[in-house]
2 protein chains.
Amino acid sequence: MGIAERKQRQREQVKSSILETAQDIACQEGWQAVSIRRIADVIEYSAPIIYEHFENKEAILLELKQKGFRILTEKLLTARSAQEEPEEQIRALAKTYWNFAFEHTELYQVMFNIGGVACNGQGNDGDSRVHMRNGATVMADAFRALAAKKGKPKTDIYLTLDAFWALQHGLISLTLVNKINGGKERAEKVLEEAVSSLMIAF
Amino acid sequence: MGIAERKQRQREQVKSSILETAQDIACQEGWQAVSIRRIADVIEYSAPIIYEHFENKEAILLELKQKGFRILTEKLLTARSAQEEPEEQIRALAKTYWNFAFEHTELYQVMFNIGGVACNGQGNDGDSRVHMRNGATVMADAFRALAAKKGKPKTDIYLTLDAFWALQHGLISLTLVNKINGGKERAEKVLEEAVSSLMIAF
DNA sequence: TACATTTGCTTAACACTGTTAGGAAAAATA
DNA sequence: TATTTTTCCTAACAGTGTTAAGCAAATGTA
């Protein structure tokens with residue numbers, strides 16, 4: 001009875017094509033341009049079909065948000081593995097995070113509710129932090145290694161970690177809304193400089 | 001002929017009531033809930049009246065965005081004036097910026113396109129940075145004073161300034177989307193700590 | 001006072017949006 | 001072949017931003 005499997009496969013293929021086109025439209029024209037009917041047009045189905053795969057529009061965004069965090073975590077993980085020294089690991093993590101934000105800007109936007117898209121993701125408080133957990137752990141380990149190398153107590157690692165994350169996120173956000181004098185190129189320099197400062201002060 | 005003035009006054013009063021209710025709705029229910037018809041309902045006019053005061057919905061957002069930057073700059077200015085030492089000035093600026101973001105979250109959101117609202121403000125590149133100019137100058141002066149006190153060359157002031165701004169903005173953004181373990185209280189501690197690090201590394 | 005014009009404002013409409021209900025056609029099962 | 005199930009679409013509802021047309025009252029002019 002391979003026909004049931006084929007149907008299931010086709011069904012899942014429709015679902016992933018919905019996600020794919022949503023991301024495509026967002027990438028090319030911004031999240032403002034992503035509508036159920038436009039997605040339906042592209043995948044050559046009628047609009048209600050989408051509701052057989054997603055409860056509502058926000059569910060689509062939520063799934064792409066999770067996808068974004070998954071990809072980011074993977075990239076951070078492999079980036080860190082490629083380096084030996086803690087300082088180099090942290091620098092590599094910063095560069096990887098930065099590159100992700102500009103290579104997949106539409107994902108980064110939905111991950112952090114910037115650029116006109118709002119995805120509160122049903123759950124209120126705790127849920128939102130779960131997404132960051134894995135990525136934060138990768139970064140935390142690098143900072144722990146640096147602390148060990150410096151012979152520091154590891155109690156206040158998370159203060160520095162959050163500052164590190166906030167610095168990156170802030171610089172990326174400001175660059176995306178075009179609020180940095182000198183644009184992306186200079187923002188990148190600001191980041192490198194600030195990361196160095198953060199490490200020597202750590 | 002005071003009647004023409006009265007009419008002009010009434011007209012301007014309608015305009016400011018539009019801005020006021022737009023901000024009110026955004027404050028209470030988020031920017032998603034702000035619609036032309038809802039504003040019209042509150043001010044007890046029909047919807048098209050709004051287009052006699054604003055070209056389109058985005059023009060309303062733009063005006064509130066500018067209002068936000070105006071208020072922020074004022075607050076930064078008075079906060080800095082209240083302190084003598086550069087270090088205290090910078091710490092006061094950070095606290096003021098932080099308080100503004102949480103006391104007028106709806107304004108902060110429209111200022112930086114976070115939380116579902118998107119306001120590109122007609123102009124493309126340079127326009128967006130103009131808003132920050134005044135606020136950045138207030139901060140820059142404090143850092144210049146610190147540099148003078150430390151006897152440092154003032155060439156790389158803006159690198160630290162942008163990092164300072166990005167750190168604050170990032171921490172606020174992450175806190176608003178609930179991505180900081182420990183919430184607002186801990187985020188505030190992270191900021192204080194990071195600002196201190198930034199100053200000693202400067 | 002009588003007519004013309006401007007002003008202030010509203011209703012109606014257009015083209016969208018997310019979402020749901022009802023039913024037609026095609027496929028699978030008996 | 002007949003019946004049931006699956007698949008999918010059209011139509012509709014309530015909402016969005018925005019524009020056009022027009023009504024009625026206030027104003028200016030003869």
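Residue numbering restarts at 1 for every chain, and letters A, B, ... go by the order of the sequence lines.
- Within the structure, salt bridge (Lys or Arg N to Asp or Glu O under 4.0 Å) contacts touching residues 164-181 of chain A (residues at least two apart or in different chains) do not occur.
- Of the possible polar contacts, one joining the Arg80(A) side chain to the Val138(A) backbone as a donor-acceptor pair under 3.5 Å is found.
- A salt bridge does not link Glu192(A) to Arg91(A): none of the charged nitrogens lies less than 4.0 Å from a carboxylate oxygen.
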(request) Please lay out, stage by stage, how Phe112(B) and Phe69(B) fare under the test ring pair (Phe, Tyr, Trp, His ring centres under 6.0 Å). (result) CA-CA 10 Å; Phe112(B) 294 100; Phe69(B) 277 105; 5.6 Å; yes
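- Across residues 32-41 of chain B, Val34(B), Ser35(B), Ile36(B), Arg37(B) each have a non-hydrogen atom less than 4.0 Å from an atom of DNA chain D (numbered order).
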Check nucleotides 24-26 of chain C against the protein and report each pair of N or O atoms closer than 3.5 Å, with its distance, or say if there are none.
none

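- Atom OH in Tyr51(A) sits roughly 14 Å away from atom C1' in dA21(C) (whole-Å rounding).
- By the 30° and 60° cut-offs, the orientation of the rings of Tyr108(B) relative to Phe100(B) is perpendicular.
- For the side-chain contact (heavy atoms from CB on, under 4.5 Å) test, no residue two or more places apart in sequence or in another chain qualifies with Asp41(B).
- Rounded to an integer number of Å, the gap from CD of Gln8(A) to P of dA28(C) is 15 Å.
- Atom pair Lys57(A):NZ and dC16(C):C1' shows a separation of 12 Å (rounding to whole Å applied).
- Between Ile50(A) atom CD1 and dT20(C) atom C1' there is a gap of 14 Å when expressed in whole angstrom units.
- For Asn56(B) and dT16(D), the CG to P distance is 17 Å, given to the nearest whole Å.
- Tyr45(B) is linked by a side chain to side chain donor-acceptor pair (under 3.5 Å) to nothing, counting only residues two or more places apart in sequence or in another chain.
- Not a single side-chain contact (heavy atoms from CB on, under 4.5 Å) links Lys7(A) to another residue, sequence neighbours left out.
- Annotation: side chain to side chain donor-acceptor pair (under 3.5 Å) contacts of Gln13(A) (sequence neighbours excluded): none.
- A heavy atom lying under 4.0 Å from DNA chain D marks none of the residues of residues 9-25 of chain B.
- For residues 14-25 of chain B, the salt bridge (Lys or Arg N to Asp or Glu O under 4.0 Å) pairs, not counting sequence neighbours, are Lys15(B)-Glu63(B).
- The backbone N or O of Val14(A) sits less than 3.5 Å from a side-chain atom of Ser17(A), completing a donor-acceptor pair.
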All N/O contacts under 3.5 Å from nucleotides 6-10 of chain D to the protein, with atom names and distances to one decimal?
unit_1, atom_1, unit_2, atom_2, d
dC9(D), OP2, Ser46(A), N, 2.9
dC9(D), OP2, Ser46(A), OG, 2.7

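- Pairs engaging residues 103-119 of chain B under the salt bridge (Lys or Arg N to Asp or Glu O under 4.0 Å) rule: Lys75(B)-Glu103(B) [sequence neighbours left out].
- Residues satisfying the side chain to side chain donor-acceptor pair (under 3.5 Å) criterion with Glu12(A), sequence neighbours excluded, are Gln8(A).
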